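Note on naming: letters A, B, ... go to the chains in the order of the sequence lines (proteins, then strands), and numbering restarts at 1 for each one. Note that the coordinates shown come from a computational prediction; the quantities given were computed from them, not determined experimentally.
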Amino acid sequence: MSLRLFNTLSRAVEPFEPLEPGRVRMYTCGPTVYNRAHIGNFRAYIFEDLLRRHLKWTGYRLTHVMNLTDVDDKTIRASMAEGIPLKQFTRRYIDAFFNDIDLLGIERAEHYPAATDHIPDMIDMIRVLLDKGIAYRSDDGSIYFSIQKFPAYGCLAHLDRAGLRPGARVAQDEFEKEDAADFALWKAWSEKDGDVAWDSPWGRGRPGWHIECSAMSVKLLGPSFDIHCGGVDNIFPHHECEIAQSESVTGRPFVKYWLHCAHLIVDGKKMSKSLGNFLTLDDLLKEGFGGREIRYQLLATHYRQTLNFTRDGLHAARAALLRVDEFTERLRARAAETADALPDWAETGRAAFRAGLDNDLNISESLAALFDMLRAGNKALDDDAVSPGAARAVLQLLDEWDGVLGVLKPAASETDAEVRALVDARQAARAAKNWAESDRLREEIARRGWIVQDTPQGPKVRKA
RNA sequence: GGCGCGGUAGCCAAGUGGUAAGGCGGAGGUCUGCAAAACCUCUAUUCGUGGGUUCGAUCCCCACCCGCGCCUCCA
């Protein structure tokens with residue numbers, strides 16, 4: 001069975017067939033770089049990372065673009081509040097973003113275009129829309145997209161034009177629009193923008209948010225591409241607007257598969273600053289959790305399901321990963337240099353793992369396959385029924401899986417000389433059956449953050 | 001008002017018209033100087049509630065209850 005994905009356009013799971021055989025072009029909405037990203041953002045990026053890795057594992061050549069929104073109301077407001085140039089302000093959060101995704105084991109996309117580097121492309125697109133009579137200029141010099149001119153508007157969100165009820169968030173002063181539902185392609189400069197402005201045929205101003213993604217995706221991936229991802233909140237209006245703009249300009253179908261990631265909640269409640277459960281990666285690292293545990297928890301729930309992020313969940317992730325690590329170590333201790341055939345119990349797991357991910361990235365099925373294999377493998381090791389060549393083959397399989405999950409390999413942890421000396425001293429005490437001294441030394445080692453385990457092969461040390 | 005999602009063991013979380021994956025936690029056991037880890041066994045007669053369809057429903061249909069999302073720039 002090959003890959004099937006849920007397409008928001010059809011609201012159904014469809015077989016995945018790229019526009020060009022063997023090649024996938026994918027665009028994912030990236031961060032707005034005005035503050036530190038929160039774990040909800042990372043949930044989306046980790047889902048996209050899983051998709052990306054699985055596509056590569058399947059054998060596709062992949063071009064993945066993730067944009068950086070480095071100009072919008074929030075970036076402008078925040079940089080002006082600090083009194084520093086926009087570019088300098090956003091640089092700080094772009095750096096933080098890359099630092100964070102590294103900590104979470106998120107692979108780099110092929111391109112990270114920044115909106116401010118593509119203003120001319122946006123202007124070109126807007127010009128075409130004006131020429132076609134789809135966009136219009138208002139009195140203040142802003143340009144709007146007329147949704148009346150794009151009958152399919154609403155196809156992604158499955159919203160009727162008639163069903164669009166003006167929400168509280170429609171600014172009251174936007175009287176210059178012909179229709180309240182029209183959206184801005186270009187915003188004329190206003191005092192609030194400070195020195196953030198670009199010249200255009202319609203005067204100074206800046207692009208609207210939606211056109212940024214249309215311009216950069218079409219430029220880097222072409223008029224039609226395979227996959228576009230984002231959080232569910234982007235379905236409307238952002239992605240709806242992208243479709244309207246892009247298809248109006250190119251006359252071609254914009255995106256074949258739209259994939260959207262559900263939100264997460266923290267301790268059963270919506271994440272919000274007022275509830276004090278608004279979490280950034282830094283917050284969790286300060287609490288002593290590692291990027292690997294955080295990645296595991298964010299990864300382990302199916303992407304279309306609301307995820308409940310909890311400290312308990314992080315502890316559960318830590319325990320589960322420890323089991324994986326122990327299993328890997330047991331195999332390593334047994335493995336030969338070269339691999340033989342995979343044992344039956346691993347062959348079963350191999351198929352099940354793959355089937356899970358192919359089924360719209362059903363990670364739960366795949367993790368179940370992993371743990372089923374782990375149990376069977378441990379049993380076989382206990383029974384001394386694993387040949388060195390088989391052990392190597394299973395290690396290779398785990399390596400292959402980790403290419404997709406990005407979470408199975410432990411972070412390298414090197415003991416220092418001091419801890420090693422304590423471990424040696426403890427071994428000496430144990431050999432002398434001096435249990436009191438042995439236990440005291442174990443305490444000593446624990447205080448330095450390490451756990452000693454006595455095994456038939458001698459003591460093993462791991463980070464607490 | 002419109003569109004849509006979800007309610008499965010203490011917690012997290014899959015799943016299917018044929019009688020409940022997996023993880024964490026918990027209990028007992030094997031092993032161990034003691035631990036730890038690992039392994040074995042156990043831990044939902046039951047899938048929000050009430051009807052219906054069916055030989056059979058957690059899974060399909062209807063109603064209801066509860067929680068949640070979107071309806072113009074929040075992943």
Side-chain angles (χ1 to χ4, degrees), chain A residues 11 28-32 37-48 69 72-74 147 154 157-160 162-171 174 177 180-184 187 208-210 212 229-238 240-241 260-265 268-272 296-297 300-302 304-310 312-323 325-327 329-330 352 356 359 362-372 374-375 378-383 430 433-435 438-439 442 451-456 459-460 462:
Chain A
R11 305 283 162 102
T28 59
C29 285
T32 299
H38 55 72
I39 54 164
N41 297 310
F42 292 122
R43 199 246 169 137
Y45 305 145
I46 283 175
F47 143 64
E48 289 152 4
T69 298
D72 78 325
D73 289 349
K74 287 178 300 228
I147 64 166
H158 294 205
L159 287 174
D160 271 351
L164 289 178
R165 188 170 81 169
R169 287 194 283 175
V170 178
E174 292 189 309
K177 289 201 281 190
D182 290 347
F183 58 90
K187 298 185 169 188
W209 178 41
H210 312 307
E212 297 181 7
C229 303
V232 283
D233 52 282
N234 281 154
I235 295 172
F236 193 89
H238 185 51
E240 199 69 62
C241 294
H260 294 95
C261 178
H263 283 181
L264 63 69
I265 55 181
K269 296 196 185 74
K270 186 172 174 171
M271 190 164 55
S272 74
Y296 185 93
Q297 190 178 183
T301 296
H302 183 80
R304 284 192 286 118
Q305 186 76 39
T306 302
L307 181 156
N308 189 13
F309 191 92
T310 63
D312 278 355
L314 287 171
H315 285 117
R318 179 178 294 176
L321 287 170
L322 186 61
R323 256 181 87 201
D325 294 347
E326 292 288 341
F327 179 60
E329 275 189 49
R330 291 187 77 184
N359 179 20
N362 191 327
I363 188 77
S364 297
E365 279 182 38
S366 296
L367 289 175
L370 168 71
F371 285 104
D372 281 342
L374 201 143
R375 166 160 292 143
N378 270 318
K379 181 85 168 70
L381 285 162
D382 280 355
D383 297 345
R430 293 184 71 232
K433 298 203 188 299
N434 185 350
W435 308 126
S438 161
D439 288 347
R442 177 157 58 199
I451 289 169
V452 208
Q453 292 176 26
D454 300 317
T455 74
K460 281 198 312 191
R462 65 171 170 81

Would you say the base of [N] and the side-chain of [X] have a donor-acceptor pair closer than 3.5 Å?
X      : N     : value
A:S364 : B:G23 : no
A:D312 : B:G25 : no
A:K187 : B:C73 : yes
A:D73  : B:C73 : no

So does A:Q305 get a backbone contact from the side chain of A:H302, meaning a donor-acceptor N/O pair under 3.5 Å?
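Between the backbone of A:Q305 and the side chain of A:H302 there is no qualifying donor-acceptor contact (under 3.5 Å).
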Quiz question: by atom type and distance under 3.5 Å, do the side chains of A:D233 and A:H263 form a donor-acceptor pair?
yes
Among [options], which is the nearest nucleotide to the side chain of [X]?
X      : options             : value
A:F236 : B:U72, B:A21, B:A36 : B:U72
A:D454 : B:A14, B:A35, B:C73 : B:A35
A:N308 : B:A13, B:G33, B:C71 : B:A13
A:W435 : B:C70, B:G33, B:A21 : B:G33

Could you check whether A:H263 and the base of B:A75 form a stacked pair, meaning centres closer than 5.5 Å and planes differing by less than 30°?
yes
Can A:F371 be classed as stacking with the base of B:G22, given a centroid separation cut-off of 5.5 Å and a plane angle cut-off of 30°?
no
Does some side-chain heavy atom of A:C229 sit less than 4.5 Å from a side-chain heavy atom of A:H260?
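Side-chain contact under 4.5 Å: no.
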Side chains of A:T455 and A:E329 in contact at under 4.5 Å (non-hydrogen atoms):
no
NA contact type, A:L264, heavy-atom cut-off 4.0 Å: base, sugar-phosphate, or nothing?
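Base contact.
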For the pair A:F183 and A:H210, name the ring-plane relationship: parallel under 30°, tilted 30 to 60°, perpendicular over 60°.
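Plane angle over 60°, so perpendicular.
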On RNA chain B, does the nearest nucleotide to A:T306 precede the nearest nucleotide to A:A319 from the 5' side, or the other way round? Give the residue.
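Nearest-nucleotide comparison on RNA chain B picks A:T306.
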Starting at the 5' end of RNA chain B and moving along, which residue's nearest nucleotide shows up first, A:R442 or A:R323?
A:R442
Using the P atom in both, what is the distance from B:C40 to B:C31, to the nearest Å?
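After rounding to an integer number of Å, I get 16 Å for this pair.
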Under-4.0 Å side-chain N/O to phosphate OP1/OP2 contact, [X] with [N]:
X      : N     : result
A:K433 : B:C34 : no
A:N362 : B:G15 : yes
A:K270 : B:G69 : yes
A:R375 : B:C40 : yes
A:R330 : B:A38 : no
A:N378 : B:C39 : yes

Atom-to-atom span, CD1 of A:I235 to P of B:G2 - whole angstrom:
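Taking atom P of B:G2 as the reference, CD1 of A:I235 is at 20 Å.
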Should A:D372 and A:R375 be marked as a salt bridge (charged side-chain N to carboxylate O under 4.0 Å, His left out) after you check the CA-CA gap, both sets of side-chain angles, and the distance that decides it?
CA-CA 5 Å; A:D372 281 342; A:R375 166 160 292 143; 5.5 Å; no
With a 3.5 angstrom cut-off on both distances, give the Watson-Crick or G-U wobble partner of B:U32, or none if there isn't one.
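No nucleotide pairs with B:U32.
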Give none if B:U53 has no partner; otherwise give the nucleotide forming a Watson-Crick or G-U wobble pair with it, both distances under 3.5 Å.
none
